[in-house]
Amino acid sequence: MDTYWLSEPLRTVFNHSHNLYIDGGDQAMRYGLGISYNNRDGVMKKSNRDGMGVNIDLIYRKKGLLFSNKASMDLSNSDREPVAFSEFSRANPYYRKRQENGTIPMYLERKTGLYGEDMLNPLYVWNIENTNTTKELALRDNFTMEWTTFDALRLRARLGISKSISKTEAFKSPNHTDFLETEKLKKGSFSSNQNESFSYNGDLNIIFGKIFKNVHQVNFVGGWSFSESRSEASGYSVVGFNDDFHKNPAYSTGFRENQKPTYSKDRRRSTSFFMNLNYSYDNRYLMDFNLRADGTSVFGSNKLFSTTWAVGLAWNVHNEEFIKKLGWINNLKIRGSIGTVGNQNIDPYQFVPSMESVKSTWLDNNNQPITLKQPGLVSGNFTWETVRTLNIGFDLSALKNRLSANFDLFRRDTKDMLTSGSQLPATLGANAPLQNVADLKSTGFELELAWRDQIGKVHYNIGFNLYDYKAYITKFKNNVAGVIRTSDNKTYVEGQRLGEIWGYVTDRLYTVDDFVEGSLDANLKNGTLKDGIPHVEGVKPNPGDMMYKDLDGNGIINAGNETIYDPGDRKIIGNNSLRFQYGINGGLSWNNFSFSFLLQGVGKCDKWLTNDLIFPYYYEFGTIYKHQLDYWTSENTGAFFPRLYETGMRNTNYAANVRAQTKYLTNGAYLRVKNLTLGYTIPQNIISKIGINNLRVYVSAENPFTFDHMPKGLDPAVDSKANGLGYPFMSSYAFGFSISL
């Protein structure tokens, strides 16, 4: 039996998009109408998304006045697949999809015993009535008015509004395997969730620009901006359906026990006053100064406003006579800046203690009365996070503008980061409130290089960019004990570099020689270790299990107190920060043909991954992939992977073997071909005869190739928690044309 399960949910799809834009008018009045339609079927069957959009543009000019309005409406409908991709990718190839008579069984395998668990057939759920649909509507309008009083002064006003509504409805058949242990009147479910949002924003600006005596250029922008956003979410879920045909919630038997409809509503407002002053002397020496005051409602009435500033200086070296004499430098600017910005990106109402209504745990006349949970602790004096940035760099173009380069060296200090405040005793029964208790320092650089030239009729260009940074915690008041950050513990310590991976140093696999002679049973288990051989605390190792280095020398492998002062046998073994992120782009054109490409990658990144594709037989119903066949057996003692156990991670020995460690740290560096496009423009002398101004046809490929060190099926760009089984990574190929009349 060699069942290929992925043939059931996957498909190759044909997607298409269509865009039409018509414009016209005269010098005083211009108008435009655009219509678009997009079909985006997913690579999983039964998943799709259709969208339609309409936009209307109007522009009116009269003397010094300009009025502009852009309005748009977007509609979309989407359906989600009824069974997750992971359910098919986890099914073993030795399971049969269908019985000999063609029926689809509910179970692939039945388990019994203390840890017994049934293996369900994903194809069974796939073929019963389960739906998950979403409908979305978005309306936007932006109105701008500009008045040029004279050449040096302009007044501009803008107002934008937006409204969006989305509704998701999901029906799960009473025959779904989720309800196998559910009573008859509670089988099947229907849920409905609706989200509505409304926002408006606008600004008023005064813009001044003038050159005095041909050498003094002054530009000034001052203004006021404002915004408000409101959102409202509601939903409910009901259960108890008789069949797959009557999906209306009116046919349900009611809510689940202790459940009720959900509802939330929030609103936030912000306003800003700002000014920018720019001065240039003889287009050689430049100065820029920004000052702004930002106010927001998310911090409460005590800390409404934050004042930030920035100063920049630049020198156009190419306008100096000694550079002009060189003849090959077209532009060279050396620049530097320092300034601050504020961060208000937090959830609203964090300064307000709130109490949630719940059913009580006691009875009153055989009923559970509604009561309130105790409010959490809040701090009334937390305020804006502030980011101070220092930047120096240069911009260069040379050799008749064929060569260009940009370089920036920066340092960012984030002050007063919001996180949980001072440590509180557990007996308090509440978490510490948000406070401004942490600082972060980031240093890095950005580099861009580009070259463009022509050889005969061939025009070509190539570009390269590189970005890198490191970030360190410079202050953190809420971790006096120095607890090490883990996946379950989100704390930090002063001096910590973000992205640190703590783990054990791999030594080797245990061998028969590590055990007292004659103590192992016939299965090479349950032996007694010789003196001086370390072992993981609480685990009795067997030959083929993983041995770690005993860094603290106490003979026991553990994490100590899990603090930086007592990490036990753990140390920093890697870092999952993305280092040396780069991109390469280029293109060439010859006659009417054109070709372009875009590459993107990461030069260095460590990933600690624990899932089915990394370790063989990771869970009880797991499998062993081709790249995992080198695991320990009594005949393969020099294997790459340790000994396997029947219940996978539920076995303490297996779990100990795959603790974070140096040997199985994955190299997360990669290079991805993001886009390849080949196009051809039809000659003008051909298309002009049929009234067409421009016609171009093209073919393109998105994400056709990735070069990495990951097991096949894992996307190197996702975070360390991904296992490649959630949704397949897509490569797409397109053919299209653009036409203008």
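Numbers here simply count residues along the sequence, with the first being 1.
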Note: Leu58 and Tyr31 closest approach over all heavy atoms is CD2-CB, 3.8 Å
Run the side-chain hydrogen bond (donor to acceptor under 3.5 Å, both in side chains) test on Asn101 and Thr103 for me, step by step, so that the C-alpha distance in whole Å, both residues' side-chain angles and the decisive distance to 0.1 Å come before the verdict. CA-CA 6 Å; Asn101 61 5; Thr103 60; 2.7 Å; yes
Is there a donor-acceptor pair closer than 3.5 Å between any side-chain N or O of Gln454 and the backbone N or O of Gly456? yes
Validation row, ring centre Phe595 to ring centre Tyr460 under 6.0 Å: no
Under the 3.5 angstrom rule, does the side chain of Asn48 hit a backbone N or O of Asp41 as a donor-acceptor pair? no
Should Ile624 and Leu629 count as side-chain neighbours, where that means a heavy-atom distance under 4.5 Å? yes
Side-chain donor-acceptor pair under 3.5 Å between Asn205 and Asp203, yes or no? yes
Measure the spacing between CZ of Phe198 and CG of Leu139 and express it to the nearest 0.5 Å. 10.5 Å
Can you tell me if Arg40 has over 12 outside heavy atoms packed within less than 6.0 Å of its CZ? yes
Between Glu81 and Arg11, is the salt bridge (Lys or Arg N to Asp or Glu O under 4.0 Å) condition met? List the steps. CA-CA 12 Å; Glu81 63 280 359; Arg11 62 182 174 182; over 6 Å; no
Show your reasoning for whether side chain to side chain contact (heavy atoms under 4.5 Å, CB included) applies to Tyr37 and His16. CA-CA 8 Å; Tyr37 173 77; His16 51 96; 3.6 Å; yes
Where does the angle between the aromatic ring planes of Tyr664 and Phe615 fall among parallel (under 30°), tilted (30 to 60°) and perpendicular (over 60°)? perpendicular
The test is side-chain hydrogen bond (donor to acceptor under 3.5 Å, both in side chains); show your working for Thr168 and Thr134 and say whether it passes. CA-CA 4 Å; Thr168 299; Thr134 299; 2.9 Å; yes
Is the backbone of Tyr95 close enough, under 3.5 Å, to the side chain of Thr3 for a donor and an acceptor to pair up by distance? yes
Search all heavy atoms of Pro9 against all heavy atoms of Leu6 and return the closest pair with its distance. CD-O, 3.3 Å
Side chain proximity check, Asn77 to Thr133, heavy atoms < 4.5 angstrom: no
Does Ser229 offer a backbone N or O that forms a donor-acceptor pair with the side chain of Arg268 under 3.5 Å? no
Heavy atoms only: give me the nearest Phe190-Lys247 pair and the separation to one decimal. CD1-O, 3.6 Å
Answer yes or no: is there a donor N or O on one side and an acceptor on the other, between the side chain of Asn130 and the main chain of Val125, under 3.5 Å? yes
So which heavy atom on Lys97 is nearest to which on Ser7, and how close? NZ-OG, 3.1 Å
Does atom NZ (Lys167) have a neighbourhood of more than 12 heavy atoms from anything else shown, all under 6.0 Å? no
Let's go through Ser732 and Glu702 carefully: what are the C-alpha distance in whole Å and the side-chain angles of both, what is the deciding distance for side-chain hydrogen bond (donor to acceptor under 3.5 Å, both in side chains) to 0.1 Å, and is it a yes or a no? CA-CA 5 Å; Ser732 62; Glu702 299 285 341; 5.5 Å; no
Going by distance alone, is a donor N or O of one side chain under 3.5 Å from an acceptor N or O of the other, for Asn39 and Asp50? yes
Is the backbone N or O of Pro105 less than 3.5 Å from a side-chain atom of Asn121, with the two atoms forming a donor-acceptor pair by type? yes
Please name the pair of heavy atoms, one in Ser36 and one in Asn19, separated by the smallest distance, quoted to 0.1 Å. CB-OD1, 3.2 Å
Side chains of Ser577 and Asn575: donor-acceptor distance under 3.5 Å anywhere? yes
CE/Met106: more than 12 non-hydrogen atoms of other groups inside 6.0 Å: yes
Look at atom CZ of Phe245 and say whether more than 12 heavy atoms of other residues, nucleotides or ligands are closer to it than 6.0 Å. no
Can you tell me if Thr677 and Asn675 form a side-chain donor-acceptor pair at under 3.5 Å? yes
Between Leu399 and Asp453, is any pair of side-chain heavy atoms under 4.5 Å apart? no
Can Ile739 and Ile692 be said to form a side chain to side chain contact (heavy atoms under 4.5 Å, CB included), step by step? CA-CA 7 Å; Ile739 184 172; Ile692 297 177; 3.6 Å; yes
Is a side-chain donor or acceptor of Asn592 paired with a backbone partner of Thr681 at a separation under 3.5 angstrom? yes
Looking only at heavy atoms, the pair that brings Asn461 and Arg452 closest together is CB-CB, 3.9 Å
Should Tyr582 and Leu671 be marked as a side chain to side chain contact (heavy atoms under 4.5 Å, CB included) after you check the CA-CA gap, both sets of side-chain angles, and the distance that decides it? CA-CA 9 Å; Tyr582 62 90; Leu671 169 64; 3.5 Å; yes
Under 3.5 Å, is there a donor-acceptor pair between the Asn330 and Ser397 side chains? no
List the steps, then state whether salt bridge (Lys or Arg N to Asp or Glu O under 4.0 Å) holds for Arg140 with Asp74. CA-CA 9 Å; Arg140 287 176 290 271; Asp74 294 289; 2.3 Å; yes
Is the number of heavy atoms from other residues, nucleotides or ligands within 6.0 Å of CZ (Phe737) greater than 12? no
Using a 4.5 Å cut-off on heavy atoms from C-beta on, say whether the side chain of Leu466 contacts that of Phe445. yes
Within the 3.5 Å criterion, strictly below it, is a donor on Asn201 or Arg158 matched to an acceptor on the partner's side chain? yes
Does any non-hydrogen side-chain atom of Glu8 lie less than 4.5 Å from one of Trp126? no
Between Phe640 and Gln628, does a side chain to side chain contact (heavy atoms under 4.5 Å, CB included) hold up when you go through it step by step? CA-CA 9 Å; Phe640 180 76; Gln628 300 170 334; over 6 Å; no
May I have the step-by-step check of side-chain hydrogen bond (donor to acceptor under 3.5 Å, both in side chains) for Tyr467 and Glu446, ending in yes or no? CA-CA 5 Å; Tyr467 168 70; Glu446 296 181 50; 5.8 Å; no
Just by distance, with hydrogens left out, do Arg672 and Thr706 show a side-chain donor and acceptor under 3.5 Å apart? yes
So Met44 and Arg80, do their side chains get closer than 4.5 Å, heavy atoms only? no
Hey, is OH on Tyr619 packed in by over 12 heavy atoms from elsewhere, all under 6.0 Å? yes
Can a salt bridge be assigned to the pair Arg230 and Glu228 using a cut-off of 4.0 Å between side-chain N and carboxylate O? yes
Report yes or no: does His627 contribute a side-chain atom to a donor-acceptor pair with the main-chain N or O of Leu613 at less than 3.5 Å? yes
